Amino acid sequence: MSCEMGAWLSADLYLRPRLSQYMGEIVQETDALLAMVSGLGSPLNVLVPRQIVDNYAKYREVYGKHHLGGTIYFAHKANRSSALVRELAASEAGVDVASLAELRHALSAGFSGDRIMATGPKSAEFLWLAARCGAVVNADSREELVQLGELLTAHALPRVRVMLRLSAFESRGVPVLSRPSRFGCHEREITDLLDVVDKYRDVFNLLGVSYHLDTIGLVEKALALEGCLRAMRECRQRGYNPFAVDIGGGYGANYLADQEEWERYTTELGNAVLGNRPPLTWQNHGYGLRVEAGTLRGALGLYPSYRPVAGERYLDELLSGEAPSLRRSLATLLLENLYDLHIEPGRALVDQCGLTLTLVEEVRTTSSGDPLVRVGANSRDISLEEHAVLVDPILVRANPAGEGTGRPTGVYLSGNLCLEDDLITRRKVFLPHRPAPGDLLVFANTAGYFMDFAADHALMQPVARKVAMFRDGGTWRWCLDEEYWPTKGSRA
Amino acid sequence: MRYDSITDVIGDTPLVRVAPEVHGLRNIDLYAKLEMLNPFGSVKDRPAWNMARAGLPDAVERGDMIVELSSGNTAKALAVIAAMHGLPFKSVTNRMKVPEIKDLLLLLGAQIEELPGQTECLDPTDTEDPLTRMYRMLSEEGNGYLHTDQYFNPLNLDAHRGSTGPEIVKDLDGRGPDHFIACVGTAGSSSGVAGVLREHNPAVDIVGLVAHKSDFIPGIRNIDEVNEVGLFDPGTYDTIESVTAQEAIDGMLTLNRRCGMLGGPTGGAAYFGAVRYLKTIDETLTERRNAVFIVCDRVESYMSYVRQRRPELLNQPARGNSVDTLTDAEIAAAATVDVAEARRWIAEARPLVVDLRGSFAYAALHIEDSVNIVDELFAELVHGGLPFGASKPVLLVCPVGEKSARFAALLTRMGHQDVRSLSGGVVAWRDAGAPLVRD
């Protein structure tokens, strides 16, 4: 038994991150990274604006393949970076804003109002500025539509393009259940919504209908898209000429380089929870799994960190799939009904657009024998745990020949907050060497929701600064995020 | 043989030897337990009947609904049993992965409920597995359910302990096999049978087969999923091995083509796993041994499963007059007209305007006086010949002018004298501001 346990302990259950070409190059720039952290502090967020435009182009290819027109709006909420938004402003993309501040940010980055879509909960001020600058207003409810109509009339604002957000659809045939959403209306309520649009016919320009479902299930999304087509027909029958269907985001990202590693890890996690091997997590946390009478219960509450069909490929798969009752591919139905397709990818559009650098501050061994590595960052700076994405950081050694290194090691990563639960991840992370103070741990692919969505000043710890990296001639250069404009670097 | 009820036909399935020249084992006799010959078509007939039987009289009295978390053979058997007793049956499932089974369940009058997929913006507090979700649903909606609970119900296992196991022992001279190879789904058949075999021959070698982690094989769980099964006890098996979907299909083809056993991919997986495992032992043997595996259900329900993974096995010969046979040169040579020309031509020559889009789109907006023949239907029509006179002018219209050009090329090859394609399609027509109508 002890021999077997030993074999398990030495097994390196890596979950190595997938790295784009740009990211692969940047993590090799060891001296620059160490200097940046030394000058700007830990944690430090690094963005590569060029990547978001490359990602945009991949979505465009999917549009092209299906002969579809329409706008790809970046869901701004995924990242607050100015560099990313400014770089996109220089492309043909649109931007989806969900707050007054995001709207102002987009406008200041160079987006004209007609390229902006306003979604989510909206204050009167948000609605006013959206209407004033000519953004599309994606209305969540009948009440919001009425508020917008009154606002437009009261303030003599120009005609506004509106979309009606739906969130619950009738399944024809076999019932397909979906989680209830607090945004949008039931398909049945389209008549009520159109009554409001009728009332404000002079100030609204009805663009079409939209949905966004928080699910990775293609079946649910296909059902929703078909429901939107029926709603569009209803709009036409009421005398409108809508021409766009907005299917929101949720295309996902693939974080890991290797499927085998992911499968091996998740299998072993189950075994650890069952008690068949030493724990792989702090206090044998099960990520949703638990043991009842020797049987594993619950569900693995993890993002599918290895996800072969993600991003533009997921969109392609959705569009290629058949509508449940109209029995034609969704792309064909959109095309032959002459509808534009609008999408709002967030996480998926900033895939590989950024990484987070953290400084190793202390390495020690706990009384139970586990190495504990403290970094200059906390779990709110890098919200991997909150989003349940499992991926290893990359170790950048300050002194590759120095002490404290050697064999592969499993370590726990703790943060800089004076809180028991401030672990960067509850996972034991396997690294090729034991880290030493002064080394960097680089978290890859953090631009989508992991950088600044939850970061705060708890304990007066600093929030990470952001820098943008860009290529100039053959070399990588950097500047502060707010100093980045698309004029930087060489465009080639 | 005469029976009073179809449920009496469940069980007593034959044990048939696989010819040695098929499996190539020199020292081992390999037998297939043909569970696919049960009346509802699978090994699940036994547990389904065993789990439902005791509760049926009460359920019938109260008019309860039978519910089960299944998207496969258990659902199928329970659907039949429920229907026979005038009870409704509901199958709750993550996703129906085998469309033929889904259709069959609907045909039998079952209700199907598909659970939501995982959230994209993950909520780590939402850690409910489908089963917990279903338990909650059942308790929320009150009584009126007979939940057979196949993954935890000991009656599942008992069905095999009481019949499948003893049948195998009896057919092998009261001693049972030296090796038993079974796929692990609910673990009911493998554990139930294994228990009986061990009583008769403590040295019996039990092999459990699970699906390769990233693969889907109907009725088999993968190495992680077995841990979620209440009836699964790793101690039952001497060895656990995994099988891929492609290997399952390979095994199935051998069973189907060479053994005359029309088993499905689960049986195929069992055969493949059995032969692969036994080969390693066979070479070291000096005495004769025997081995048994289970053919769980029939192949017919898995045509789309095969089509998805081995499309070449189901290739139909190309049909006549098909757009797939066109050359690029033929397509490029098809006569096309732009919107302005098309409008002039329509006014002058009154061609037949055929709109190849779907009826939903056509009904919403179309070119005046056009006829809607959706592309799939049109393709079907022209397989047999020209659907209109060869000299009647025809304008073909599709969304962007791609499909219409192909059909124009095909019709020209078939001898039509004046067929043209609207270049840019309805999209170009709309963009040019030409009129579209709704009737």
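The sequence lines fix the lettering, A, B, ..., with proteins before strands; numbering per chain opens at 1. Below, all heavy atoms of this structure are taken into account, side chains as well, without hydrogens, waters or symmetry copies. Quick caveat: nothing in here was measured; it's all calculated off a predicted structure.
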Problem - Contact origin within A:Arg236 toward chain B - heavy atom pairs under 4.5 Å - result: both
Practice task
Please confirm whether the backbone N or O of B:Gly358 pairs with a side-chain atom of A:Glu336, one donor and one acceptor, at under 3.5 Å?
Solution key: yes
Practice task
Write down the atom of B:Val374, the atom of A:Arg328, and the distance for their closest heavy-atom approach.
Solution key: CG2-NH1, 2.9 Å
Completion exercise
Heavy-atom nearest pair, B:Ala361 first then A:Asn337, reads CA-OD1, 3.0 Å
Exercise for the section: Side chain from CB out, backbone as N, CA, C, O: work out which of these in B:Glu402 comes under 4.5 Å of a heavy atom of chain A, or both, or neither. Expected result: side chain
Handout entry: Selection from A:Leu274, A:Thr267, A:Val389 maximising heavy-atom pairs under 4.5 Å formed with chain B
Key = A:Thr267
Completion exercise
Assert top hit (heavy-atom pairs under 4.5 Å, partner chain B, pool A:Thr266, A:Thr332, A:Leu333) equals A:Thr266
Handout entry: Close contacts, residues 428-439 of chain B versus chain A, judged by heavy atoms under 4.5 Å
Key = B:Arg430, B:Leu436, B:Arg438
Exercise for the section: Assess whether atom CZ of A:Arg230 is packed by more than 12 heavy atoms of other residues, nucleotides or ligands within 6.0 Å. Expected result: yes
Problem - Heavy-atom pair of closest approach, residues B:Phe360 and A:Leu229 - result: CZ-O, 3.5 Å
Practice task
Heavy atoms only: give me the nearest B:Glu114-A:Val219 pair and the separation to one decimal.
Solution key: OE1-CG1, 4.3 Å
Handout entry: Euclidean distance, A:Asn271 CG relative to B:Asp224 CG, rounded to 0.5 Å
Key = 7.5 Å
Completion exercise
Greatest number of non-hydrogen atom pairs under 4.5 angstrom with chain B, of A:Gln259, A:Gln237, A:Glu292, A:Arg233, falls to A:Arg233
Handout entry: Set of residues satisfying side-chain hydrogen bond (donor to acceptor under 3.5 Å, both in side chains) with respect to B:Asp238, sequence neighbours excluded
Key = B:Arg198
Problem - Heavy-atom check, side chain of A:Thr295 versus side chain of B:Tyr151, under 4.5 Å - result: no
Completion exercise
With chain B, the option among A:Leu326, A:Leu269, A:Val291 that has the most non-hydrogen atom pairs under 4.5 Å is A:Leu326
